[in-house]
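All values below were derived from every heavy atom in this structure, side-chain atoms included, with hydrogens, water molecules and symmetry-related copies excluded. The shown structure was predicted, so the numbers you read here are calculated from the model rather than taken from an experiment. Within every chain, numbering begins at 1; the chains are lettered A, B, ... in the order of the sequence lines, protein sequences first and strands thereafter.
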Protein chains: 2
Amino acid sequence: MKDFIKLCKALSDETRLRILNILLERECCVCEVMQALDISQTRASRNLTVLYEAGFLRRRKDGLWSLYSIDRDGMNEYLADLVQVVDKALQGNKRLEQDRERLRKAVRIGPSCAEKMRREKTNA
Amino acid sequence: MKDFIKLCKALSDETRLRILNILLERECCVCEVMQALDISQTRASRNLTVLYEAGFLRRRKDGLWSLYSIDRDGMNEYLADLVQVVDKALQGNKRLEQDRERLRKAVRIGPSCAEKMRREKTNA
DNA sequence: TCCTTATATTTAAATATCTGCATATATTTT
DNA sequence: AAAATATATGCAGATATTTAAATATAAGGA
């Protein structure tokens with residue numbers, strides 16, 4: 001039951017649902033998540049970790065980058081069902097479409113550069 | 001997305017999962033929930049309300065009693081799927097079996113009587 | 001080895017959640 | 001109408017969650 005609660009808590013947050021939404025598209029590094037959702041490095045990293053520890057994500061290292069993806073194969077029991085439900089529940093949301101749109105333009109430029117771009121855009 | 005988060009939050013609590021577990025057996029009034037889970041009236045009522053407002057439950061009045069049940073028919077979209085997943089995830093839990101066992105012995109005696117019985121049992 | 005850089009983590013403050021106690025509300029009975 | 005009773009709710013304290021800012025860690029390159 002504890003594990004199931006952990007899963008539900010992981011899903012009880014808008015930022016994390018937005019992250020799952022873009023990871024349903026493709027594997028991402030932290031700074032791509034930052035760009036797609038337009039959020040800070042801390043926030044991206046922390047929430048990715050929560051999803052990872054709940055069991056939703058796979059993490060692999062590529063040099064300096066941490067790459068996260070939805071761990072469809074490593075999922076046990078009800079976990080895959082849960083992802084299915086999430087996928088269905090998130091259909092047709094405007095904000096999530098916007099995130100996916102930004103994901104298409106995202107690049108592996110690193111968080112410092114991404115943060116700078118973000119600041120410039122905000123001030124513009 | 002807000003609604004979906006509300007659902008997930010409703011599921012992110014042990015007391016509420018225990019409540020769903022017994023409601024999967026049958027419709028209950030508040031004081032039966034108290035007896036089955038061995039919890040206070042406030043706690044039972046509060047958590048039933050959370051589940052109700054999230055959309056999991058149906059509520060009907062019978063005199064003084066509020067009767068709650070899982071609203072399988074009134075459920076839309078992914079809600080039924082979610083209950084399915086919950087049901088699967090809760091299988092084989094010792095504590096939940098214990099709750100169901102106590103539910104079998106529970107009666108509609110009202111919270112004040114239930115609370116008294118509870119206090120006596122604790123002091124015994 | 002030192003520097004740069006992508007990510008993780010610690011800390012602190014703001015906010016949300018959960019529970020018990022006391023009380024309010026609503027329905028039935030007298 | 002008053003009393004009894006099942007449930008709901010306002011409030012306060014304890015605990016948990018979320019975030020940004022600063023700092024730590026770890027990998028690659030000069």
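Linking Ile, Leu, Val, Met, Phe, Trp and Tyr residues whenever their side-chain heavy atoms come within less than 4.5 Å places B/Leu24 and B/Leu17 in a single cluster.
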Enumerate the protein-to-nucleotides 15-17 of chain C contacts in which both atoms are nitrogen or oxygen and the separation is below 3.5 Å.
{"residue": "C/dT17", "atom": "OP1", "partner": "B/Lys9", "partner atom": "NZ", "Å": "3.1"}

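A cation-pi arrangement is present between B/Arg59 and B/Tyr52, with the terminal nitrogen or guanidinium carbon under 6.0 Å from the aromatic centre and inside a 45° cone about the axis.
Listed by chain and number, the residues in a salt bridge (charged side-chain N to carboxylate O under 4.0 Å, His left out) with B/Arg72 amount to none (sequence neighbours excluded). For A/Phe4, the ring-ring contact (aromatic ring centres under 6.0 Å, His included) test picks out A/Tyr78, with sequence neighbours left out. The side-chain hydrogen bond (donor to acceptor under 3.5 Å, both in side chains) test applied to B/Glu97 returns no partner, not counting sequence neighbours.
For A/Tyr68 and C/dA6, the shortest distance from a side-chain N or O to OP1 or OP2 is not below 4.0 Å. Taking 4.0 angstrom as the limit, B/Arg46 places none of its side-chain polar atoms (N or O) nearer than this to OP1 or OP2 of D/dG10. The shortest distance between the side-chain N/O atoms of B/Ser66 and the OP1/OP2 oxygens of D/dA6 is not below 4.0 Å. OP1 or OP2 of D/dT17 has not a single side-chain nitrogen or oxygen of A/Asn47 nearer than 4.0 Å. The side chain of B/Arg59 places an N or O atom within less than 4.0 Å of a non-bridging phosphate oxygen (OP1 or OP2) of D/dA8. Distances shown here put a side-chain N or O of A/Thr15 below 4.0 Å from the OP1 or OP2 atom of D/dT19.
Residue pairs meeting the salt bridge (Lys or Arg N to Asp or Glu O under 4.0 Å) criterion with at least one member in residues 5-15 of chain A, sequence neighbours excluded, are A/Glu14-A/Arg95.
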Worksheet, complete the sentence: Protein-proximity profile, nucleotides 21-30 of chain D, B/S/- by nucleotide at the 4.0 Å heavy-atom cutoff, equals BB----BS--
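At distances below 3.5 Å, at least one donor-acceptor pair connects side-chain atoms of B/Gln91 with backbone N or O atoms of B/Asp87.
Distance, A/Ile39 CD1 to C/dA8 P: 13 Å, rounded to whole Å.
The pair A/Asp38-A/Arg102 does not count as a salt bridge, with every side-chain nitrogen at least 4.0 angstrom from each carboxylate oxygen.
Using a 4.0 Å heavy-atom criterion, one finds that B/Tyr52 contacts no nucleic acid atom at all.
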